[in-house]
Engineer: 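Once you've had a glance at the structure underneath, I'll fire off some questions.
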Amino acid sequence: MLSMDLFRNEADKIRADHDKRGIPHDSINQVIRLDEEWRNALKEMEEGRRERNLAARGIADAKKSGNKEESDKIMAQVKDIGDRIAALDDKANSLLGERDTIRMSIPNLLHDAVPVGEDEGGNTQHSLHGVKPEFTFEPRNHNDLIEMNKWVDLERAAKIAGSRFFFLKGDLARLELALQSYAVDFLIGRGFTFVQPPLMMNRTAYEGVTDLSDFENVMYGITPDPLYMIATSEHPLTSMYMDEVLEPSMLPIKMVGVSPCFRREVGAHGLSDRGIWRVHQFTKIEQVVITHPDDSWDHHEDLLKNCVDLWDALNLHYEVVNICTGDMGTVAARKYDLEAWLPGAKSFKEIVSCSNCTDYQANRLKMRYRTSEGNAAVHTLNSTAVATSRALVAIMEQNQLEDGRVKVPECLVPLMSGKTHLESCKW
RNA sequence: GCGGAGAUCGCAUAGCCUGGUAUUGCGGUGGACUUGAAAUCCACUGUCCCCCGGACACGGGAGUUCGAAUCUCUCUCUCCGCGCCA
């Protein structure tokens, strides 16, 4: 959510940002209008309260001096003020609610370096990493590999849970655990604190960290309790300090979270989504940073550097992409994606997303730090380190051998008790 | 799940019984004193508004009342005890 200061004093900045994104100004103008109306209603209500407070003091004084006649007189005079205030209060509250509902749907201001483009076709390459693997045979896609090696059971998962759920089995399951462990240790080595979050959150906290439309398309709601399964550990980790004022000495707070991620994936279909590429539940190791606004852009580069070094250590071929205006979403001010080369699919596909959300989440979460001039919103950043299901797909496709076995990335071999290749499951 | 006690500004606290302008300490910022520092002293230190000034804020919501931190109801959370449990 953007701060009201921007709407009141620098609305042209928001308008210019909307122009870059190619969206109309209607919502901005509505927020500004509703804000004015709310302030008028507020003024009127406060005037009423002021009257009431003065009267209440008069009654108190009269009672103290034993002047019952005087106190009765004032009480009779002010009897209806309460009702008047209540009506004005309702009006002000509904205006404020309307203002902020619209304000929440207005996206963050983009960084100047974000390329302008209509959709993902407008994304630009930032850098290219690793060596493109060459094969002496026709490489298989991951769906064929998991099937021939019996590493994933989608049918039986569908039987007991639904489509897009999966059992992960044998050596591939073990590699998954090794990836988690490797990524967590890697980030601990870079000053991050390992955090395991709750896997469910309430609505209030959730609204602070996500786009409202996610409640329809992404999150699983839990009944009968008013809770949501987390779609990523970014959400609990970022909202952890909701409603708090942080001491500047605590910043930056750098966390590495690991959790299962639950996503409804409404509307996601297609051949390229077969296998375990797009699923309702996967594990993700996530970097989250809460920091002073002055160094958030440095941290954004650091997060990307961590990803690059981590994926280089896995010895995979991938590119880093600048996400363009049309592909950005609501919350981030700037975003890099890592896209891994999938030889079976013969294309680069998204494996990591690295965002600086500036003060957008912090405003909504009322997450501030102390300054000598008062409290100011912190900046929040998040980046995938490894989403294991997609990392497994990239490893399988890039490291496959002609017989269908898969070479374990060297850095993970010690975490696999020295095992260098993934073997098939018997059943 | 049952019984009890609680939730007050960044932290800690008083006020609640008996309704009438939110107490005090710590921490923080600025200033005085000082060669400098410490100590001491002074001011400021939650949110909102049209920032002179006013309004709001005592876990959330509702009620009673001219008026609620204070009384009533309700929800949430925390702590203690009991029960159940990996």
Side-chain angles (χ1 to χ4, degrees), chain A residues 1-9 11 31-100 103 196-208 222-228 236 239-253 260 290-292 294 359 362-378:
Chain A
M1 186 168 68
L2 298 176
S3 79
M4 277 316 297
D5 269 358
L6 278 168
F7 289 94
R8 289 174 191 165
N9 306 319
V31 167
I32 292 170
R33 180 180 56 80
L34 286 163
D35 182 53
E36 278 167 13
E37 288 177 21
W38 167 70
R39 281 145 90 177
N40 287 334
L42 184 71
K43 189 199 167 195
E44 216 182 322
M45 180 194 65
E46 288 189 352
E47 189 50 43
R49 285 187 162 153
R50 179 158 181 257
E51 275 178 49
R52 187 177 69 181
N53 289 344
L54 285 170
R57 279 167 214 172
I59 293 166
D61 290 343
K63 284 205 168 173
K64 262 183 216 159
S65 58
N67 189 345
K68 185 160 186 313
E69 200 180 315
E70 175 70 8
S71 63
D72 285 351
K73 192 178 123 202
I74 305 175
M75 274 195 264
Q77 280 172 356
V78 300
K79 200 161 173 32
D80 62 328
I81 291 187
D83 294 339
R84 220 175 77 212
I85 292 171
L88 290 164
D89 194 29
D90 284 348
K91 186 183 169 195
N93 278 335
S94 75
L95 285 166
L96 186 65
E98 206 183 331
R99 182 196 80 178
D100 285 342
R103 181 155 70 119
Q196 296 194 26
L199 304 183
M200 300 178 203
M201 286 171 59
N202 64 42
R203 176 104 192 184
T204 309
Y206 230 127
E207 283 181 353
I222 303 298
T223 46
D225 297 303
L227 294 169
Y228 294 85
S239 56
M240 192 172 171
Y241 290 97
M242 178 172 85
D243 291 329
E244 293 192 41
V245 178
L246 300 165
E247 295 298 335
S249 60
M250 286 179 71
L251 303 175
I253 297 172
I290 300 171
T291 190
H292 192 283
D294 288 350
D359 61 0
N363 281 329
R364 180 73 189 133
L365 291 167
K366 295 193 179 68
M367 199 156 69
R368 298 146 292 164
Y369 70 101
R370 190 183 308 289
T371 79
S372 52
E373 285 91 38
N375 299 327
V378 295

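Chain A is the first sequence line, chain B the second, and so forth, proteins listed ahead of strands; every chain is numbered from 1. Values below: every heavy atom of this structure, side chains too, minus hydrogens, waters and symmetry copies.
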Engineer: How long is the span from the CG atom in A:Asp225 to the CG atom in A:Asn202, to the nearest 0.5 Å?
Structural biologist: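 It is 11.5 Å, given to the nearest 0.5 Å.
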
Engineer: Tell me: CG of A:Asn93 to P of B:A55, nearest whole Å?
Structural biologist: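 Answer to the nearest Å: 18 Å.
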
Engineer: Can you find a pair of side-chain heavy atoms, one from A:Asp89 and one from A:Arg49, that are under 4.5 Å apart?
Structural biologist: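 Yes. Closest side-chain heavy atoms under 4.5 Å.
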
Engineer: Please report, rounded to the nearest Å, how far the P atom of B:A55 is from the CZ atom of A:Arg49.
Structural biologist: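 Rounded to the whole Å, the gap is 10 Å.
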
Engineer: Whole-Å distance between B:G10 C1' and A:Leu251 CG?
Structural biologist: 13 Å

Engineer: B:C50 and B:C42: how far apart are their C1' atoms, nearest whole angstrom?
Structural biologist: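 It works out to 32 Å between them.
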
Engineer: Considering only B:G28, B:A55, B:G67, which nucleotide approaches the side chain of A:Arg370 most closely?
Structural biologist: B:G28

Engineer: Say we look at B:C58 and B:G15: how far apart would their C1' atoms be, to the nearest angstrom?
Structural biologist: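 10 Å, rounded to whole Å.
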
Engineer: Rounded to whole angstrom units, what separation is found between the CD1 atom of A:Ile74 and the P atom of B:G20?
Structural biologist: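 These atoms are roughly 17 Å apart.
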
Engineer: Mind checking whether A:Met250 and A:Glu244 have side chains closer than 4.5 Å, heavy atoms only?
Structural biologist: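 Counting from C-beta outward, A:Met250 and A:Glu244 never come under 4.5 Å.
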
Engineer: Tell me, for nucleotides 48-54 of chain B in 5' to 3' order, what letter each nucleotide earns: B for a base near a protein heavy atom under 4.0 Å, S for only sugar-phosphate near one, - for neither?
Structural biologist: BSB---B

Engineer: Can you tell me how far apart CE (A:Met242) and OH (A:Tyr206) are? Round to the nearest 0.5 Å.
Structural biologist: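 Nearest 0.5 Å value for the CE-OH distance: 13.0 Å.
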
Engineer: Measure NZ/A:Lys91 against P/B:A55 and give the value in whole Å, please.
Structural biologist: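 Rounded to the whole Å, the gap is 20 Å.
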
Engineer: What distance, rounded to whole Å, do you find between the two C1' atoms, one in B:A69 and one in B:C17?
Structural biologist: 14 Å

Engineer: Between A:Ala56 and A:Glu51, just flag the one whose closest nucleotide in RNA chain B comes earlier from the 5' side.
Structural biologist: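 So the residue in question is A:Ala56.
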
Engineer: Could you pick out which residue, A:Ala60 or A:Thr371, lies toward the 5' side of RNA chain B when each is mapped onto its nearest nucleotide?
Structural biologist: A:Ala60

Engineer: In whole angstroms, how far is the P atom of B:C77 from the CE atom of A:Met201?
Structural biologist: 15 Å

Engineer: Give the dot-bracket string for RNA chain B, reading 5' to 3', where a pair is Watson-Crick or G-U wobble with both distances under 3.5 Å, ( ) marks pairs inside the strand, [ ] marks pairs crossing earlier ones, | marks a partner on another strand, and . marks unpaired.
Structural biologist: ((((((((.[[[..)....(...]]]((((((.......))))))((((...))))..[[[[[..)....]]]]])))))))....

Engineer: For A:Arg203, is there an ion pair with A:Glu207 - N to carboxylate O distance below 4.0 angstrom?
Structural biologist: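 Counted as a salt bridge, because a side-chain N and a carboxylate O are separated by less than 4.0 Å.
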
Engineer: Atom CG of A:Asp243 and atom P of B:C58: how far apart are they, to the nearest Å?
Structural biologist: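 Those two atoms, CG and P, are 14 Å apart.
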
Engineer: Do A:Met4 and A:Val31 come within less than 4.5 Å of each other through their side chains, counting heavy atoms only?
Structural biologist: yes

Engineer: What interatomic distance, in whole Å, is found between C1' of B:C51 and the corresponding atom of B:G46?
Structural biologist: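 Roughly 16 Å separates the two C1' atoms.
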
Engineer: What's the gap between B:U23 and B:A14 when it is taken at their C1' atoms, as a whole Å value?
Structural biologist: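 The answer is 5 Å between these two C1' atoms.
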
Engineer: Do A:Tyr241 and A:Ile290 have side-chain heavy atoms sitting under 4.5 Å apart?
Structural biologist: yes

Engineer: Between B:A62 atom C1' and A:Asp90 atom CG, what is the distance in whole Å?
Structural biologist: 13 Å

Engineer: Do A:Arg50 and A:Asn53 have side chains that approach each other closer than 4.5 Å (heavy atoms only, starting at C-beta)?
Structural biologist: no

Engineer: Sticking with atom C1', work out how far B:G4 lies from B:C9, rounded to a whole angstrom.
Structural biologist: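 Rounded to whole Å, the distance is 29 Å.
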
Engineer: I'd like to know if A:Arg33 pairs up with A:Glu37 as an ion pair, taking the criterion as any Lys NZ or Arg NE/NH1/NH2 lying under 4.0 Å from an Asp or Glu carboxylate oxygen.
Structural biologist: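 A salt bridge is present here (some side-chain N lies under 4.0 Å from a carboxylate O).
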
Engineer: Using the C1' atoms only, state how far B:G31 lies from B:C48, rounded to an integer number of Å.
Structural biologist: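 So the two C1' atoms sit 29 Å from each other.
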
Engineer: Are any non-hydrogen side-chain atoms of A:Pro248 and A:Arg370 less than 4.5 angstrom apart?
Structural biologist: yes

Engineer: Rounded to whole angstrom, note down the C1' distance from B:C79 over to B:U45.
Structural biologist: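 Those two atoms are separated by 31 Å.
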
